[in-house]
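For reference, the structure is listed below as C-alpha cells.
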Protein chains: 2
Amino acid sequence: MNHHPRTYSRVTHQTLALLGGRIRLARKQRKMSEADLAERVGIARSTLQAIEKGHPTVEIGLVFEAATLVGVPLFVDTPARLGTELARVSETMALLPRSVRRARGDLNDDF
Amino acid sequence: MNHHPRTYSRVTHQTLALLGGRIRLARKQRKMSEADLAERVGIARSTLQAIEKGHPTVEIGLVFEAATLVGVPLFVDTPARLGTELARVSETMALLPRSVRRARGDLNDDF
DNA sequence: CAAAAATGATCGATATAAGAGGCATAAAGT
DNA sequence: ACTTTATGCCTCTTATATCGATCATTTTTG
C-alpha cells in the first residue's frame with residue numbers, strides 16, 4: 001500500500017501547467033465545452049479536466065490529441081537554429097550556481 | 001474485454017516518436033544506459049523503452065521527467081513565450097562568470 | 001429574472017499501464 | 001578470443017488511470 005509517492009521536477013510541473021492552460025484557452029476560443037472536446041478526443045470529461053489541470057499521470061497520447069484538436073502547437077518541430085540555440089542555453093544553464101538557478105526558479109532537482 | 005482500441009492522429013504519433021528519439025539520443029550523448037536513466041527517473045527500464053519508442057500510453061509526467069533529466073528542451077512554442085524566455089536567458093547570462101562566457105564564445109574581446 | 005448549460009469535484013468499477021524479472025542477442029571493453 | 005554491459009522483447013502481477021455517473025456551483029443565455 002505504501003509505495004513511494006512519485007515526485008516531479010519543477011520544470012515538469014510548469015510545463016504541464018502551461019500546456020494544460022494552453023489547451024483550455026484554445027478550447028474556449030473555439031467555443032467548445034469540456035464535453036465537446038472530450039467527446040472528440042474520445043475520453044471522459046473528467047480526464048480532460050485532468051489534462052487541462054496539468055496532472056502528470058495522464059497518458060501523453062491523450063494530451064497530445066487534445067492539444068492538436070484545438071490547434072495548440074506541440075513544437076518539437078522547431079527550426080533547427082532555434083533548437084541548437086536552446087540546447088546551447090540549457091547546457092550553459094547547467095553551469096550556473098545553484099543559488100542563481102534557484103533565483104530564476106528553474107532548479108530541477110539535481111544538477 | 002472489448003473496449004475500442006484507441007486511435008491517435010498522425011501528428012501525435014510523429015511528435016511522440018520525435019520526442020522519444022531525442023530523449024534516446026540525448027541519453028546516449030551523456031553516455032547513460034537505459035538502466036541508468038530509468039533509475040534516475042525512478043521508473044522501470046521497460047517503461048523507459050516505451051518512452052523512447054514514443055508509445056502514446058505512458059504517463060506524460062514520466063516522459064517530461066526523462067526529457068528534462070537528459071536536457072531535452074520541452075516545447076517553447078509561440079514567439080511570445082520564446083521572446084520572454086530568451087530575455088530571461090540573456091539576463092541570466094549576465095550572471096555567468098567571464099570564463100564561462102568566453103567558452104561559449106559570447107565574449108567578443110572588448111570588455 | 002428563470003432556465004439551460006458549463007464547470008468543478010467526487011466516487012466505485014474495471015481496463016490497463018507500470019513494475020519486476022527473465023532470457024537471448026548485440027555491443028563494448030579487456 | 002572472452003567477459004561485461006547494454007539492449008530488445010517477453011510474461012505475470014500489481015498499482016492505478018480512465019470511465020461514467022452523480023451532485024453542487026457557477027456561468028451563460030433567453
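In what follows, chains are A, B, ... by sequence order, proteins preceding strands, each numbered from 1. A quick note: this is a predicted structure, and the numbers were derived from the prediction, not measured. All heavy atoms count here, side chains included; hydrogens, waters and symmetry mates do not.
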Would you call B:Thr15 and A:Thr68 a side-chain contact if the rule is heavy atoms closer than 4.5 Å?
-> no

Picking from D:dC19, C:dA17, C:dG19, which would you name as closest to the side chain of A:Ala44?
-> D:dC19

Just call it for A:Gly42: base, sugar-phosphate, or nothing, with non-hydrogen atoms closer than 4.0 Å on any strand.
-> sugar-phosphate

Residue A:Glu59, side-chain heavy atoms: nucleotide from D:dA17, C:dT7, C:dA18 that is nearest | D:dA17

What integer distance in Å separates A:Asp36:CG from C:dA6:C1'?
-> 10 Å

Rounded to whole angstrom units, what separation is found between the CD atom of B:Glu34 and the C1' atom of C:dG19?
-> 15 Å

Mind checking whether A:Pro56 and A:His13 have side chains closer than 4.5 Å, heavy atoms only?
-> yes

Verify the contact: side-chain N or O of A:Arg45 to OP1 or OP2 of C:dA5, cut-off strictly under 4.0 Å; return yes or no.
-> no

Carefully, step by step, assess B:Asp36 and B:Lys31 under the rule side chain to side chain contact (heavy atoms under 4.5 Å, CB included).
-> CA-CA 9 Å; B:Asp36 288 338; B:Lys31 296 189 170 41; over 6 Å; no

To the nearest Å, how far apart are A:Leu48 CG and D:dA17 P?
-> 17 Å

Looking at side-chain heavy atoms only, is the closest gap between B:Val41 and B:Leu48 below 4.5 Å?
-> no

Nearest-nucleotide comparison on DNA chain C, the residue closer to the 5′ end among A:Arg6 and A:Lys28 = A:Lys28

Can you pull every protein N or O that's under 3.5 Å from an N or O on nucleotides 10-12 of chain C?
none

Let me know the distance between CD of B:Glu39 and P of C:dG19, rounded to the nearest Å.
-> 13 Å

B:Glu52 CD to D:dG8 P, straight-line distance once rounded to whole Å = 8 Å

Kindly say if B:Arg27 contacts the phosphate of D:dA6, meaning a side-chain N or O under 4.0 Å from OP1 or OP2.
-> no

Donor-acceptor under 3.5 Å (A:Arg45 side chain, A:Ala38 main chain) | no

B:Lys53 near the nucleic acid: base, sugar-phosphate alone, or nothing, with a heavy-atom cut-off under 4.0 Å?
-> sugar-phosphate

Over how many whole Å does the gap from B:Met32 atom CE to D:dA6 atom P extend?
-> 11 Å

Between B:Leu37 (CG) and D:dT7 (P), how many Å, whole number?
-> 10 Å

Provide the closest heavy-atom pair for B:Thr57 versus B:Tyr8 in the form atom of the first, atom of the second, distance.
-> CG2-OH, 4.1 Å

Which whole-number value in Å describes the distance from B:Leu62 CG to C:dA17 P?
-> 13 Å

For A:Met32, does its backbone N or O pair with a side-chain atom of A:Arg27 as donor and acceptor, under 3.5 Å?
-> yes

